[in-house]
Number of protein chains: 2
Amino acid sequence: MVRHRGARENRREEILLAALDVFAQRGYTGASIASIAERVGLSQQGVLHYFPSKDRLLAEVLRLRDERNLDVLVLPGEGGAITLETVAGLVEYNAQRRGIVQSFTVLSAESVIEDHPARNFFKERYGTSRAWMAEVIRAELGDELPAGLTPEQAAPLMFAVMDGLQLQWLLAPDEIDMPGLFRAFLSLLKGAPRPS
Amino acid sequence: MVRHRGARENRREEILLAALDVFAQRGYTGASIASIAERVGLSQQGVLHYFPSKDRLLAEVLRLRDERNLDVLVLPGEGGAITLETVAGLVEYNAQRRGIVQSFTVLSAESVIEDHPARNFFKERYGTSRAWMAEVIRAELGDELPAGLTPEQAAPLMFAVMDGLQLQWLLAPDEIDMPGLFRAFLSLLKGAPRPS
DNA sequence: GTCTATAAAAAGATAGAC
DNA sequence: GTCTATCTTTTTATAGAC
């Protein structure tokens, strides 16, 4: 690890954060390396010194964002165990990080395009996420959910609700109570009795 | 209405369909007018003759796609009434129109970007959609849903599930049974008893 | 490590010929 | 109605100076 003098100990991370921001505001296709460079006071070529291409920059941005989310997901859990409450907490956290949510929403949807550099990342990410979410659900609610659902069915629905709510919330933050609606969905899964 | 001779009675619609296709494959930002033009055997300027700008082209594409969906939604309903079964039918229909779904997924997510030309379209679209969906739910399931949910809460969840499942399905069609999972969510809403 | 210079391609849009 | 020509801007990326 090479050390540099001055305030700029880690330009790389600085660039990654700026890139996440710009991708959020313009999407991957719409973002230019130059605009990212501007944020950190570099020239376009200065950025390309750290990341050989735009594709690679995106790849590393996604890895960073995943690490951060993992932090939020795992840290509050007791003993590292993820619960449905932890997940609800993540949604609450997201409701206060519009930029992060927006970057994720735009990039994941963009990734369905053929040959998109992030396509594989998101495909695998959803695959593994569904797997551990099914286990979280099973551990907490058992094998039999309301209406005969299985944890394996509930898991993709969970992420669908999260993603879909994010989209509506980004478009109309005042109309959509994202955490509240997510918790409403959770209570549907838990089969809680009506308060009547 | 001017009439032209030959097979090309309506170039405009031809272009709109091609544009929908290209937007699906590359997103709005990533799509070029030239690539759309190529599909219909025109030059870039040939397309610009019918639509003054890329923004306007997008606007008309979205209007077209909405009309089509409305067809699917309303036609099968008896007497024009939309039911939850009609909505499930729409999801089934979508599962066989990957291109359409992809264009919607990419464009709607892109639209959350500031100053995106489709932003207002989607914001209003979701707003009105949630309103009529809440009424559809109320008409069919009444005012009290499982776990104390209201139709006004269920409506955004419904669209969230639809959109979120589309994303996962586009990335992994073999892993995600989109219509089946949507029906599973519906049964959750209906509070159907477990088949045990 | 960061810059200037530069290449090479592609984009949206306008003007005007036919 | 469709084209060629052209303008202007922007893009990613390379080469090489300091």
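Lettering of chains follows the sequences in order, A, B, ..., and the numbering in each one begins at 1. Computed from a predicted structure; not experimentally measured.
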Seminar exercise, completed: Contacts of A:R63 meeting side-chain contact (heavy atoms from CB on, under 4.5 Å) (sequence neighbours excluded), chain-then-number -> A:E60, A:E67
Seminar exercise, completed: A:A109 meets the side-chain contact (heavy atoms from CB on, under 4.5 Å) criterion, sequence neighbours left out, with B:T105, B:A109
Exercise. Can you tell which of C:dT2, D:dA13, D:dG1 lies closest to the side chain of B:Y50?
Worked result: D:dG1
Value in whole Å for how far the [atom2] atom of [N] lies from [atom1] of [X]:
{"X": "B:E38", "N": "C:dA10", "atom1": "CD", "atom2": "C1'", "answer": "14 Å"}
{"X": "A:L57", "N": "D:dT11", "atom1": "CG", "atom2": "C1'", "answer": "15 Å"}
{"X": "B:L58", "N": "C:dG12", "atom1": "CG", "atom2": "P", "answer": "12 Å"}
{"X": "A:H49", "N": "D:dA15", "atom1": "NE2", "atom2": "C1'", "answer": "15 Å"}
{"X": "A:L48", "N": "C:dT6", "atom1": "CG", "atom2": "P", "answer": "19 Å"}
{"X": "B:R56", "N": "C:dG12", "atom1": "CZ", "atom2": "P", "answer": "17 Å"}
{"X": "A:K54", "N": "C:dA9", "atom1": "NZ", "atom2": "P", "answer": "19 Å"}

Exercise. Of all residues at least two apart in sequence or in a different chain, which pass the salt bridge (Lys or Arg N to Asp or Glu O under 4.0 Å) check with A:E13?
Worked result: A:R68
Seminar exercise, completed: Residue set satisfying salt bridge (Lys or Arg N to Asp or Glu O under 4.0 Å) with A:E85, at least two apart, ordered chain then number -> A:R183
Between the protein and nucleotides 4-10 of chain D, are there any N/O to N/O pairs under 3.5 Å, and if so, what are the atom names and distances?
from, atom 1, to, atom 2, distance (Å)
D:dA5, N6, B:Q45, NE2, 2.6

Problem set entry | Sugar-phosphate only, base, or nothing, as touched by A:A37 at under 4.0 Å among non-hydrogen atoms | nothing
For this session: Describe the nucleic acid contact of B:I33 in one word from base, sugar-phosphate, nothing, applying a heavy-atom distance below 4.0 Å.
Result: sugar-phosphate
Exercise. If you measure from the Lys or Arg side-chain nitrogens to the Asp or Glu carboxylate oxygens, is any gap between B:E152 and B:R138 under 4.0 Å?
Worked result: yes
Exercise. Residues in ring-ring contact (aromatic ring centres under 6.0 Å, His included) with B:F122, at least two apart?
Worked result: B:F104
